[in-house]
Amino acid sequence: MHKIARILVPINHIDFLDYLIPEEANINDFVEVPIKNKKLIGIIWSILDVSEVPIEKLKPISNLLGYSASANMRIFLEKVAEYNIFPIGKVAKLVIPAIVKTPKKIRITKNSELIHNIKPLNESQEKAAKKILEYKDTYKAILLEGVTGSGKTEVYFHVISKILLEKPNSQILLLLPEILLTAQGLTRITKAFGDNIYVWHSGITPAQKRDMWFEVLSGKARIIIGARSALFLPFQNLSLIIIDEEHDSSYKQEEGVVYNARDMAVMRAHIESIPIILASATPSIETILNAKLGKYEKVHLAARFGGAVMPDIKIVDMTQNKSESKWLSDRLLEAVKAKLAKKEQVMLFLNRKGYAPLTLCRACSYRFMCDVCSSWLVEHRKERKLKCHHCGYKIPIPKVCFGCKEENTLVALGPGVERIEEEIKKIFNEARVLTLTKDSLKKSSDNDEYLNKILDNEVDILIGTQLLAKGHHFPRLTLVGVIDADVGIGGAEIKGAERTYQLLHQVSGRAGREQIKGEVYIQTYYPKNHIILSLKDNNPEHFIESEISVREQSEMPPFARLASILITGSKLEQAENFARKVVSVAPLYEKVQVLGPVSASLSRLKGRYRFRILVKSEKNFNIQHYIRSWLEQIKVPSYLHLKVDVDPYNCL
Ligand SMILES: [Zn+2]
Ligand SMILES: [Zn+2]
């Protein structure tokens, strides 16, 4: 042991520790180090002449792993920490597996074994693939846009196979929203690339994660498909990144290290000097603008593959509803009846779990709230529970009002999917109804079971939440009813309008994907809202233009920069006073507005009071640098939390 090294360790706020390393060890080597009674993996960050720790107190590392992080990986780590204003030790936790074990001998797969069955492309797809491949040796972000069924997947499969064959040892990363990483969702990929794919998601065990980590590090894993955290795997020779459904909000991680995997992926592609494909049928506003500004290349796929036609979209003005049901209009019910008579399938969409979102006392107006959050309890009648959707708190459905203690005074207000199911079964008592929410899918095999039921024609009416919006193709489904298009319009989400549009557009696309033209009924109380009008005319351009002008006029992203600082504590006064103190020391800058603190719209969560400060700046201002120098002056007391969210999606 001759050298002293500073080692990056995956521990929040500790970040670096000094150790003795053997002569043959180098910068960027992965090492195993003893910390207290544990062993952790770290990265040799720098070699020191002298440590602040006396040399006799320095411990030697336990082991050299025999692998090192690429120089690009190291830059990526630093940039992620800098961009998202996080200690680098916390980011290292995303990169380094929790279990230490020296890997077994790893066999590398030959290029020719990697590709199994790639479908030939049509003319439009061929053109798109060719355009993308022009950038195969350089950084470029490419927006691959095309409606559902236009064959975006075939295009990027083709690009993957070309790059795999042309570039020895190249590695490809395909990011998908978690929900598509199911067996069913992966069948197309398995068909194309056989068993050579590595799938990384929240369901795999720590031991599997460790093995996969080493397989990526050693270069054995060539095609990696994963949820957002797969971006932090230790690629040695990353050659292409694809983000499918780039607009999907699940790429934004809001717990722990707050980051946007899509944006960090673009950053990684830039560092690695490789192309990145952002695929979507409904791209996000910021990606569209980047394409308009020429920062991204846009590749458009036109016609629907197989020639299916876009559905016929009808807007139902709920103020004119003549039906006895409050939630199912006469027009929608007529349409359902007609489809059932023709033995076709119907899907009713409502993005709200449970039976009713609010239980109210008629006598004293008492509302049932969560004990530890400032939110209403949602009735789940099948489970006989009132539940908090924010923290999981639940109580049995009460018989008496907690306010006035009267009996038989409680009413359920508003519908959730369970209530729609109840009404539908009353009206169409012969119909076979299936209700699906995320809760129905406890095991991954449940998913396949339900899908098969729908495909085998054992279901007439399918009722469900967001879960139904994407991924699967039901050939007999010809009618979609959107029960309440107004959920999500307004609210605390910065991208609320955009997300509602994307979701409803996606849901509408479920209708009539084969030879039969589908019908969509959208129920709303705001038929003149620009989201609804754009859906009606099937005119995404119209929506995008109006949304861009709204953002521009209100100086919201991408025309400005935003960051949110959330301060929470179990005592209201402490949290509020501290939030005020933080604002009072904000550096004054012409280009920056500091707004708040205000009580967050979810003012209490899991027993903690929440105060929000919004920081808004001009588009080209280094907001991270500003916030960093601001927060350096502040010490957060141990009983409070302070969390920064750069480019926030919502302000709940
Ligand atoms: Zn709660
Ligand atoms: Zn009461």
Next item on the list: Look at atom CD of E458 and say whether more than 12 heavy atoms of other residues, nucleotides or ligands are closer to it than 6.0 Å.
Entry: yes
Next item on the list: Would you check if K495 and S249 make a side-chain contact, meaning some heavy-atom pair closer than 4.5 Å?
Entry: no
Counting only pairs under 3.5 Å, give me each side-chain donor-acceptor contact of residues 385-396, with atom names and distances, residues two or more places apart or in other chains.
| from | atom 1 | to | atom 2 | distance (Å) |
| --- | --- | --- | --- | --- |
| K387 | NZ | E383 | OE1 | 3.2 |
| K387 | NZ | E383 | OE2 | 3.1 |
| H389 | NE2 | H380 | NE2 | 2.9 |

Notebook entry, point to check: Between R551 and E498, is there a side-chain N and carboxylate O pair less than 4.0 Å apart?
Noted result: yes
Check: Does a donor on one side chain and an acceptor on the other come within less than 3.5 Å for E245 and Q506?
Finding: yes
Next item on the list: Look only at the side chain of R476 and the backbone of K343, and say whether a donor-acceptor pair between them is shorter than 3.5 Å.
Entry: yes
Margin query: Do the side chains of E421 and K382 get close enough for a salt bridge, i.e. N-O under 4.0 angstrom?
Written below: yes
Margin query: Tell me if a side-chain donor or acceptor on R510 pairs with a main-chain N or O of V480 at a distance below 3.5 Å.
Written below: no
Item checked: Exercise: do Y156 and D244 side chains pair donor with acceptor under 3.5 Å -> yes
Check: Looking only at atom types and distance, does a side-chain atom of N290 sit under 3.5 Å from a main-chain N or O of Y296, one as donor and one as acceptor?
Finding: no
Next item on the list: Establish, from distance only, whether the side-chain atoms of S284 and R262 form a donor-acceptor pair under 3.5 Å.
Entry: yes
Next item on the list: Examine distances only and state if a side-chain atom of E145 and a backbone atom of K298 form a donor-acceptor pair shorter than 3.5 Å.
Entry: no
Compile the donor-acceptor pairs under 3.5 Å between side chains in residues 535-545 and protein atoms, sequence neighbours left out, one pair per line.
| from | atom 1 | to | atom 2 | distance (Å) |
| --- | --- | --- | --- | --- |
| N539 | OD1 | E541 | N | 3.3 |
| N539 | OD1 | H542 | N | 3.1 |
| H542 | ND1 | S534 | OG | 2.8 |

Item checked: Ring centre gap for F368 and Y366 strictly below 6.0 Å -> yes
Next item on the list: Report the C-alpha separation of D486 and T524 in whole Å, then their side-chain angles, then the decisive distance to 0.1 Å, and conclude whether the side chain to side chain donor-acceptor pair (under 3.5 Å) test is met.
Entry: CA-CA 6 Å; D486 308 334; T524 176; 2.6 Å; yes
Check: Which residues pass the ring-ring contact (aromatic ring centres under 6.0 Å, His included) test with Y525, sequence neighbours left out?
Finding: none
Checklist line | Trace of the side chain to side chain donor-acceptor pair (under 3.5 Å) decision for Q345 with T478 | finding: CA-CA 6 Å; Q345 273 169 341; T478 56; over 6 Å; no
